Amino acid sequence: MGRFSVLKELWDFLRVRKKWWLAPIIIILLLLGLLIFFAQSSAVAPFIYTLF
């Protein structure tokens, strides 16, 4: 069990099952998660919260 085993399994699922339409959804969810994570401890948090 490696550190990136979940990502490898996800990649294998997308490649084998030809579910390429899921890739943009996953990428957008990851970017939103990163935005929320980094916005919690920064000075730009009030500006980001007004967007949502």
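A quick note: this is a predicted structure, and the numbers were derived from the prediction, not measured.
I26 and L34 end up in different hydrophobic clusters when Ile, Leu, Val, Met, Phe, Trp and Tyr side chains are linked at under 4.5 Å. Cluster membership check: L29 shares its hydrophobic cluster with L10, using side-chain heavy-atom separations under 4.5 Å among Ile, Leu, Val, Met, Phe, Trp and Tyr. Hydrophobic clustering (ILVMFWY, side-chain heavy atoms < 4.5 Å, transitive): I28 and L14 are in distinct clusters. Hydrophobic clustering (side-chain heavy atoms under 4.5 Å, transitive across Ile, Leu, Val, Met, Phe, Trp, Tyr) keeps V16 apart from L22.
If you chain together ILVMFWY residues whose side-chain heavy atoms come under 4.5 Å of each other, I27 ends up grouped with L31.
Judged as a side-chain hydrogen bond (donor to acceptor under 3.5 Å, both in side chains), the pairs with a partner in residues 15-36 (not counting sequence neighbours) are, in order, D12-R15.
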